Amino acid sequence: MDKFTKLTGVAAPMPITNIDTDMIIPKQYLKTIARTGLGKGLFSELRYKEDGSENPDFVLNKPAYRKAQIIVAEDNFGCGSSREHAPWALLDYGIRCVISTNFADIFYNNCFQNGVLPAKVSKEDLAKLMDDANRGANATLTVDLEKQEIYGPDGGVVKFEIDPFRKHCLLEGLDDIGLTLKKDAAIGGFETQTKAERPWL
């Protein structure tokens with residue numbers, strides 16, 4: 001998993017409440033268990049018209065936001081089903097951070113396992129960041145995980161809280177497998193000792 005330390009990128013405004021996982025990555029894309037290639041399906045029902053052409057009104061299709069790395073959204077982002085494809089699709093598209101006032105629990109946990117930072121801010125601070133994100137080509141935010149701060153284009157600063165352990169894992173690029181591998185020597189020692197003490201196992 002890639003480390004998340006400090007990110008400076010274009011922020012796309014999505015002033016929508018209850019963006020669910022089916023909206024993030026519709027069910028027809030769930031046939032794969034690969035983590036790559038899902039970016040094309042991200043928000044597909046909003047990004048594309050019925051004939052497959054792009055919807056010019058959707059934010060990620062607008063020239064200023066095509067390379068967005070941050071999403072600023074309203075309350076309850078990631079609600080709905082527990083599909084891990086949702087953070088996979090965000091990451092494959094290039095989104096490394098989602099800012100909202102609240103996230104659905106399973107989606108929130110899945111983000112940390114895939115190197116995506118879900119940053120929780122107050123309603124007042126979200127309104128400021130949404131205003132920043134609406135600036136088109138000037139909608140650049142910097143997210144500093146170490147300092148737990150988000151900097152706007154005019155120098156404004158918004159703070160966010162995060163569990164220290166989750167923060168550590170993102171900074172070090174550690175998912176559950178990575179955390180386990182950090183204990184590889186201890187696990188190997190335990191297995192060697194167990195084999196010597198109980199060879200019948």
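Keep in mind the model is a prediction, meaning the values are calculated, not measured.
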Exercise for the section: Would you indicate whether the side-chain heavy atoms of Y151 and T140 approach each other to under 4.5 Å? Expected result: no

Practice task
Find out whether T36 and W88 are in side-chain contact, i.e. whether some heavy atom of one side chain is under 4.5 Å from a heavy atom of the other.
Solution key: no

ILVMFWY network linking [X] to [Y], side-chain heavy atoms under 4.5 angstrom:
X   : Y    : value
L46 : L90  : yes
Y65 : I70  : yes
M1  : L117 : yes

Problem - Set of residues satisfying side-chain hydrogen bond (donor to acceptor under 3.5 Å, both in side chains) with respect to D131, sequence neighbours excluded - result: none

Under 3.5 Å, side-chain donor or acceptor atoms of residues 7-21 against the rest of the protein: list the pairs with distances, not counting sequence neighbours.
{"residue": "T8", "atom": "OG1", "partner": "T142", "partner atom": "OG1", "Å": "2.8"}
{"residue": "N18", "atom": "OD1", "partner": "N76", "partner atom": "ND2", "Å": "2.8"}
{"residue": "D20", "atom": "OD1", "partner": "D22", "partner atom": "N", "Å": "3.2"}
{"residue": "D20", "atom": "OD1", "partner": "M23", "partner atom": "N", "Å": "2.8"}
{"residue": "T21", "atom": "OG1", "partner": "S81", "partner atom": "N", "Å": "3.2"}
{"residue": "T21", "atom": "OG1", "partner": "S81", "partner atom": "O", "Å": "2.9"}
{"residue": "T21", "atom": "OG1", "partner": "S81", "partner atom": "OG", "Å": "3.0"}

Could you give the distance from [atom1] ([X]) to [atom2] ([Y]), rounded to the nearest 0.5 Å?
X    : Y    : atom1 : atom2 : result
L42  : K40  : CG    : NZ    : 11.5 Å
E172 : K167 : CD    : NZ    : 11.5 Å
L170 : E146 : CG    : CD    : 12.0 Å

Problem - Polar side chain donor-acceptor pair, R166 to N109, under 3.5 angstrom - result: yes

Handout entry: Residues in salt bridge (Lys or Arg N to Asp or Glu O under 4.0 Å) contact with D92, at least two apart in sequence or another chain
Key = none

Fill in the blank from the handout: Hits for salt bridge (Lys or Arg N to Asp or Glu O under 4.0 Å) against D154, two or more places apart or cross-chain, chain-then-number order -> R135

Practice task
Considering only NZ, NE, NH1 and NH2 on the basic side and carboxylate oxygens on the acidic side, decide whether R66 and E54 come within less than 4.0 Å.
Solution key: yes

Handout entry: Residue list, ring pair (Phe, Tyr, Trp, His ring centres under 6.0 Å) with Y108, at least two apart or on another chain
Key = F103, F112

Completion exercise
Cluster membership besides I106, Ile/Leu/Val/Met/Phe/Trp/Tyr side chains within less than 4.5 angstrom, sorted by chain and number, is none

Handout entry: Closest non-hydrogen atom pair, L91 against G115
Key = CD1-O, 4.5 Å

Handout entry: Plane angle bin for F43 and F58 - parallel if under 30°, tilted between 30 and 60°, otherwise perpendicular
Key = tilted

